[in-house]
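Take a look at the structure set out below.
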Protein chains: 2
Amino acid sequence: MSSQRERAAFIDHLKSHGHRITGERLALFDEIFEQHRHVDAEELLAALHRKGHRISRATVYRNLDLLVACGLVRKQRLGQRRYLYEHIHAGQKHDHLVCRSCGRVVEFVSPGITAMQREICRAHGFSPDHHQFQILSLCAECVAASETQPSH
Amino acid sequence: MSSQRERAAFIDHLKSHGHRITGERLALFDEIFEQHRHVDAEELLAALHRKGHRISRATVYRNLDLLVACGLVRKQRLGQRRYLYEHIHAGQKHDHLVCRSCGRVVEFVSPGITAMQREICRAHGFSPDHHQFQILSLCAECVAASETQPSH
DNA sequence: ACCACTATTGAGACAATTTCTCAATAGCGA
DNA sequence: TCGCTATTGAGAAATTGTCTCAATAGTGGT
Ligand SMILES: [Mn+2]
Ligand SMILES: [Mn+2]
Ligand SMILES: [Zn+2]
Ligand SMILES: [Zn+2]
């Protein structure tokens with residue numbers, strides 16, 4: 001699998017921080033690196049249970065935070081109530097376009113906008129490296145729907 | 001006060017949609033147009049109670065949604081768990097830089113980035129008009145703190 | 001000004017999601 | 001292998017927003 005490097009980085013991080021390498025942690029790592037979409041904690045928990053792992057909800061939440069701290073996972077709200085998680089491959093990043101009405105999410109990469117957000121971060125003393133970027137708008141379908149039935 | 005125009009627009013909106021003009025609605029309007037920062041529903045409720053209004057939590061939430069529907073108020077998550085609200089003056093818009101660690105929020109206006117997000121919206125069939133834009137990063141203080149005490 | 005109609009409100013129950021508690025378990029260094 | 005203690009599991013608790021429904025109060029018509 002192509003997440004060997006990240007798996008090793010996770011184990012290194014655990015060791016170097018005096019954390020233990022537990023079955024639950026590795027199972028969660030494997031699960032989220034198998035998922036190629038935005039998943040929430042509940043989905044990960046269910047998937048792990050389906051595969052026969054006995055792991056609790058609290059452990060999933062706790063170790064997701066750990067993966068985020070390692071920089072291996074992104075945790076974000078994308079319009080929904082729940083936090084969504086996605087693994088990060090080799091530091092590649094992308095940004096999100098979120099429909100505020102139906103929740104649809106589109107990923108995009110825009111070097112131009114990345115450069116500009118870096119500049120804005122710098123101008124205000126924020127880290128240009130740890131940014132995350134969202135555009136909340138309305139997708140074509142939802143715009144069409146709202147034009148058919150003007151407001152409510 | 002400088003929110004006369006918006007207050008009138010609110011009342012017009014209520015009338016034209018067959019909604020009633022209630023004391024609670026006007027009190028909430030006045031309160032949020034007095035606040036010049038991002039406030040959550042709980043803060044608005046407390047402020048109203050402090051001023052002697054008897055208004056319930058449910059009414060605050062319901063009528064905040066109404067103000068959002070009128071386009072007089074913005075409702076957004078800015079890194080925090082709660083929704084934050086801010087009134088809109090004469091359609092002026094700005095975007096937000098949010099510290100993911102301490103929650104600090106900086107407002108900015110960047111014509112360049114606005115043009116680019118418009119372009120990205122258009123490229124993906126999203127409405128270029130209803131966008132909202134956030135950069136989540138780390139403020140200078142939090143970057144300094146995390147460098148002193150590497151991770152947790 | 002008064003009435004009747006019904007939209008709106010208040011109080012608290014409820015729902016959804018995440019965090020906390022603490023006794024039991026299981027990594028890990030010696 | 002042993003002992004220490006970080007981690008886990010199960011469920012309670014916390015947090016935040018929504019829903020319910022009887023009581024209240026705007027509104028249009030008289
Ligand atoms: Mn993504
Ligand atoms: Mn703002
Ligand atoms: Zn949509
Ligand atoms: Zn900060």
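Numbered from 1 within each chain, the chains take letters A, B, ... in sequence-line order. Bear in mind that the values here come from a model prediction, so they are computed numbers and not experimental data.
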OP1 or OP2 of [N] sitting under 4.0 Å from any side-chain N/O of [X]?
X: A/Thr22; N: C/dA26; result: no
X: B/Asn63; N: C/dT8; result: no
X: B/Tyr61; N: D/dG17; result: yes
X: A/Thr59; N: D/dG9; result: yes
X: B/Arg25; N: C/dT8; result: yes

Report task. Decide yes or no for A/Arg104 and B/His124: does some side-chain heavy atom of the first lie under 4.5 Å from some side-chain heavy atom of the second? Result -> no

Give the rounded distance in Å between these two atoms: [atom1] of [X] and [atom2] of [N].
X: A/His19; N: D/dT8; atom1: NE2; atom2: P; result: 10 Å
X: B/Asp65; N: D/dC19; atom1: CG; atom2: P; result: 10 Å
X: A/Leu26; N: C/dG27; atom1: CG; atom2: P; result: 10 Å
X: B/Asp40; N: D/dG17; atom1: CG; atom2: P; result: 7 Å
X: A/His17; N: D/dA6; atom1: NE2; atom2: P; result: 16 Å
X: A/Leu14; N: D/dT7; atom1: CG; atom2: P; result: 9 Å
X: A/Leu64; N: C/dT18; atom1: CG; atom2: P; result: 10 Å
X: A/Gln80; N: C/dT18; atom1: CD; atom2: P; result: 10 Å

In short, ring pair (Phe, Tyr, Trp, His ring centres under 6.0 Å) pairs touching residues 43-85 of chain A with sequence neighbours left out are none

Interatomic distance, CD@B/Glu86 vs CD1@B/Ile32, rounded to 0.5 Å, equals 8.5 Å

Note: for B/Gly23 and B/Arg81 on DNA chain D, the residue whose nearest nucleotide lies more 5' is B/Arg81

Closest to the 5' end of DNA chain D, once B/Ile21 and B/Arg77 are matched to their nearest nucleotides, is B/Arg77

Considering every strand and a 4.0 Å limit on heavy-atom distances, what is the contact class for B/Arg54: base, sugar-phosphate, or nothing? sugar-phosphate

Is it the case that the side chain of B/Asn63 and the backbone of B/Leu66 share a donor-acceptor pair, with hydrogens and angles ignored and the cut-off at 3.5 Å? no

Result for 5'-nearest mapping on DNA chain C, choosing between B/Ala58 and A/Leu84, is B/Ala58

Is there a donor and acceptor pair, one atom on the side chain of A/Arg20 and one on the base of C/dG29, closer than 3.5 Å?
no

Report yes or no: is there a donor-acceptor pair, N or O only, under 3.5 Å between the side chain of B/Arg62 and the base of C/dG10?
yes

Output yes when A/Lys51 and A/Glu34 qualify as a salt bridge under the 4.0 Å nitrogen-oxygen rule, no when they do not. yes

